[in-house]
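Okay, so here's the structure we're looking at.
Just so we're clear, the structure is a prediction, and the values are computed from it rather than from any experiment. Numbers restart at 1 for each chain; the letters A, B, ... are given by sequence-line order, proteins then strands.
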Number of protein chains: 2
Amino acid sequence: MKNYTNALRAHNLKATPQRLAIINILDLNGHVSLENLYTQMLSKFHSISLATIYKNINLMLESSFIQEVKIPQGKSVYELTKSKHSHLVCESCFSIEDITIDLEEIQKSTSSKTQFQIDSATVVFSGLCEHCKKKSF
Amino acid sequence: MKNYTNALRAHNLKATPQRLAIINILDLNGHVSLENLYTQMLSKFHSISLATIYKNINLMLESSFIQEVKIPQGKSVYELTKSKHSHLVCESCFSIEDITIDLEEIQKSTSSKTQFQIDSATVVFSGLCEHCKKKSF
DNA sequence: CTGACTGCAAACGTTTTGCACGGTA
DNA sequence: TACCGTGCAAAACGTTTGCAGTCAG
């Protein structure tokens with residue numbers, strides 16, 4: 001289990017047990033909704049406050065330690081900030097996978113077509129994951 | 001000004017003045033946040049209720065008459081449902097442009113790489129619009 | 001004329017805030 | 001020890017609901 005103490009300090013955040021637990025949950029689960037995170041935190045800290053969760057999520061968002069992923073037809077989930085990637089959302093089991101895609105060409109042609117300067121791209125593909133695709137027959 | 005009465009009826013929604021006004025605002029503005037919509041509605045219906053706005057937005061979302069666009073770093077906006085397209089969001093003036101891009105290739109290669117069945121794609125490019133790009137020098 | 005829609009007020013769920021206490025560095 | 005962080009309670013928001021009156025079809 002990776003130790004995130006120094007990573008937190010590098011973002012000027014104290015390494016409290018609650019924070020380390022939040023990060024570990026994100027690390028293990030990949031993508032977690034707030035209510036899911038709260039539920040998991042409750043099993044580790046029986047008196048954890050929702051306010052603490054919110055405060056930490058917001059602090060870690062501000063310092064870009066984590067990122068919010070807005071799901072088109074669902075609730076936001078949070079993930080540790082990692083290298084640029086896109087998401088696949090299963091509309092049946094609501095699982096989320098990371099995927100790396102090359103948008104270079106599209107961004108270039110879009111930029112030149114519109115004169116818009118593109119700094120970042122958010123891409124979410126929705127459909128059925130491998131498992132649910134099979135089940136749907 | 002296009003008349004949306006029949007379009008509403010086709011979705012089993014009565015063509016009330018409030019609804020027609022909402023639709024016209026979306027039509028004229030392209031993309032509108034809830035608070036912006038409420039403000040604009042207030043100037044036409046001095047006693048419009050926020051509840052009415054919400055009820056109508058939700059009904060029109062359910063019938064796919066309109067769609068929600070979740071903006072990565074901002075509030076959701078609503079738009080009339082039109083042919084498939086993506087969005088360019090200016091992080092300086094917060095304007096939103098529609099754009100059509102071809103994702104065929106990327107979807108195909110992503111599908112075969114992951115075994116994920118892709119049914120739809122949500123793409124938002126963020127950056128600077130033509131106007132703000134010039135101002136930023 | 002009847003069911004659907006509106007506006008109001010209240011309820012609800014989610015997120016934020018203030019404060020006293022406790023823990024990290 | 002000095003802040004920063006936590007937990008609690010209350011407040012602030014955003015959204016939904018119930019209801020009585022009104023309107024579109």
Check whether A/S92 reaches the backbone of A/L128 with its side chain - one donor and one acceptor, N or O, closer than 3.5 Å.
no
Just the rounded figure in Å: distance from C1' of D/dT16 to CG of B/L34.
13 Å
According to the side chain to side chain donor-acceptor pair (under 3.5 Å) rule, which pairs have a member within residues 6-15 of chain B, sequence neighbours left out?
none
Rounded to whole angstrom units, what separation is found between the OH atom of A/Y38 and the C1' atom of C/dT16?
15 Å
Might you confirm whether atom CD of B/E35 has over 12 heavy atoms from other residues, nucleotides or ligands at distances under 6.0 Å?
no
Taking atom P of C/dT14 as reference, at what distance in whole Å does atom CG of A/N58 sit?
16 Å
Separation of D/dC13 atom P from B/K75 atom NZ, nearest Å, is 11 Å
Taking only residues two or more places apart in sequence, or in another chain, which ones meet A/H31 in a ring pair (Phe, Tyr, Trp, His ring centres under 6.0 Å)?
A/H87
Could you check whether any side-chain N or O of A/S111 sits under 3.5 Å from a backbone N or O of A/F116, counting only pairs where one atom can act as donor and the other as acceptor?
yes
Provide, to the nearest angstrom, the distance between the OH atom belonging to B/Y78 and the C1' atom belonging to D/dG14.
11 Å
Between B/Q40 and B/N36, do the side chains contain an N or O donor and an N or O acceptor separated by less than 3.5 Å?
yes
Rounded to whole angstrom units, what separation is found between the CG atom of A/N6 and the C1' atom of C/dA25?
13 Å
Between P of C/dT14 and CD of A/E68, the distance in whole Å:
15 Å
What integer distance in Å separates B/L8:CG from D/dG25:C1'?
13 Å
With the sugar-phosphate defined as primed atoms, P, OP1 and OP2, and the base as all remaining atoms, what B/S/- string results for nucleotides 3-10 of chain D, 5' to 3', for protein heavy atoms under 4.0 Å?
BSSBBBB-
